[in-house]
Trainee: 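I have a structure here, written as structure tokens, and I will follow up with some questions on it.
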Amino acid sequence: MARQRALIIGGSVGGLFAANMLRSIGWDAIVFERNAEELSGRGAGISTHPQLHDVTKRLGIPFDNSMGIPIDTVIFLDHDSRAYDRRDTVRLMSSWGRVFASLRERMPEGSYRLGKSLVSVEQDESGITAIFSDGSRERGDLLIGADGGRSTVRELFLPGQQPQYAGYVAWRAMLDERDVKPDIHEQLFANYTYCLPPGELFLAYPVPGRNNETQPGQRAYNIVWYRPTTPEKLADFCTDASGKCHGTSIPPTLLRPDVIAWAKAQARELVAPQVAWIFERDPRPFFQAIFDFISPRTVFGRVALLGDAAFLARPHPGAGTTKCAMDAEHLADSIAALGIEAGLAKYQREQGAFGAGLVRQGQRDGSYITDQLKPREQRRNKDVSWAVDDLMRDHDGRSVQVQRILEESRRTG
Ligand SMILES: Cc1cc2nc3c(=O)[nH]c(=O)nc-3n(C[C@H](O)[C@H](O)[C@H](O)COP(=O)(O)OP(=O)(O)OC[C@H]3O[C@@H](n4cnc5c(N)ncnc54)[C@H](O)[C@@H]3O)c2cc1C
């Protein structure tokens, strides 16, 4: 019998987990990515969870120290460079690029196609057809929309349902380890670092280098800085030098020099000089606006949404990549056990409850920041500074939270 064939739209981590998991149950799986060039070097650091390590192991990718940088100490720095608190932890900091590369290299020749932008879908009882902007068509048994928070696939089936802006952005910066001066290197590289300017959250930690190196000397240093930002200010940040507003995101290359200069001046003013020094050295810091989205449905006949296309959670649980892996595993296992129709129904029910649970957790974790946008008397969190104990409990309890949300979704979904 011919192998069943999945058409996977989106070639980032969600699409690659889906393709690798479906291949592991005997399907043929082809990924279609709209970018014409290989996705690489996005550089962004990510936290990882044991649930992610379990899925990658199942695919034959051991999540050992070649996948990230182990960290055992957390420090809190004040504006005078002083480490005013220090805690033990166990964290493995990886990067989008490292996880992506480990999945991408497993895809056989010809099964990952670049420059393919999906525009529409046709389905009937015997299969599904994907139609691309270049006019080409592909036929398969199942189509997976792993095309991110602004999913085209979702828009085809749930027109007009869009992620909601949460009221803050994450500024991101990165510097190669070899460019960090020795005294700063000594203070930062062994630790996960927090700065807590009033109403904001600044995180910094070492990650694999731009070509995924994990050896000392070749790593990189990654910054994520959450800052309340009004919709008007976001629109200004997203307006390029020619006056064109790009919506709620802008390609980093088009970010105006005055916006970059302002962000660097803010770093000097608000965070510890060691990390401000690193932020300033990145020639191209960029920002990502933070959104929430809970999809009311994730299955439409032979179509399933997965990863950020299905549920867009704020990054605080640090589980976006983990959710991609868990969605892909559940989808493949359900189809292998029950066939396409009943398997997809189970996927929608159970992973839907899981995805919605993660979005709500992200909203709870981020409420400290969104509260700062309200008048003081309406805030739930009256204090402007985050308590170290609360932050440590939330951060180090993340994997337990993810497991709790998973178990709850299996009971209720
Ligand atoms: C500030 C920040 C910090 C984060 N930190 C973490 C963390 O610590 N840990 C973690 O696990 N996660 C983290 N995440 C989340 C994580 O990056 C995402 O959840 C993950 O990348 C989602 O993967 P995806 O494949 O679903 O979507 P995406 O990565 O958005 O990929 C979608 C792909 O689909 C392609 N595409 C779009 N439309 C089409 C089309 N019509 N046709 C063909 N292709 C198309 C796009 O080009 C893109 O390559 C963070 C996110 C942010 C914003």
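Count residues from 1 along the sequence. Indexing begins at 1, ligand by ligand and atom by atom, following the structure's order.
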Trainee: Does only the side chain of Ala146 get under 4.0 Å from ligand 1, or the backbone, or both, or neither? Count heavy atoms.
Mentor: backbone
Trainee: Under 4.0 Å, heavy-atom basis, I'd like to know which part of Cys324 is in contact with ligand 1: side chain, backbone, both or neither.
Mentor: side chain
Trainee: Taking 4.0 Å as the limit for heavy-atom contacts, which would you say applies to Gln288 with ligand 1: side chain only, backbone only, both, or neither?
Mentor: side chain
Trainee: Below a 4.0 angstrom heavy-atom separation, can you tell me which part of Ser47, side chain or backbone, both or neither, approaches ligand 1?
Mentor: both
Trainee: Considering both backbone and side-chain atoms of Leu118, is one of its nitrogen or oxygen atoms within less than 3.5 Å of a nitrogen or oxygen in ligand 1?
Mentor: yes
Trainee: So is Glu33 polar-close to ligand 1, meaning N/O to N/O under 3.5 Å?
Mentor: yes
Trainee: Sorted by first residue and then second, give each salt bridge (Lys or Arg N to Asp or Glu O under 4.0 Å) pair with at least one member in residues 233-242; sequence neighbours left out.
Mentor: Asp236-Arg256
Trainee: For ligand 1, does Val153 get within less than 4.0 Å through its side chain, its backbone, both, or neither, judged by non-hydrogen atoms?
Mentor: neither
Trainee: May I ask you to check if Arg150 and Phe293 form a cation-pi contact, with NZ or CZ under 6.0 angstrom from the six-membered ring centre and within 45° of the axis?
Mentor: no
Trainee: Can a salt bridge be assigned to the pair Asp72 and Arg87 using a cut-off of 4.0 Å between side-chain N and carboxylate O?
Mentor: no
Trainee: List in chain and number order the residues that pass ring pair (Phe, Tyr, Trp, His ring centres under 6.0 Å) with Tyr165, two or more places apart in sequence or in another chain; answer none if no residue qualifies.
Mentor: Phe291
Trainee: May I ask you to check whether Gly14 has an N/O atom sitting below 3.5 Å from an N/O atom of ligand 1?
Mentor: yes
Trainee: Counting both backbone and side chain atoms, is some N or O of Gly307 under 3.5 Å from an N or O of ligand 1?
Mentor: no
Trainee: Does ligand 1 have an atom that lies less than 4.0 angstrom from a heavy atom of Lys323?
Mentor: no
Trainee: With heavy atoms only and a cut-off of under 4.0 Å, state how Leu39 meets ligand 1: side chain, backbone, both or neither.
Mentor: side chain
Trainee: Ligand 1 versus Asp147, non-hydrogen atoms closer than 4.0 Å: side chain, backbone, both, neither?
Mentor: both
Trainee: Looking at Arg172 and Asp282, is any side-chain nitrogen of the basic one under 4.0 Å from a carboxylate oxygen of the acidic one?
Mentor: no
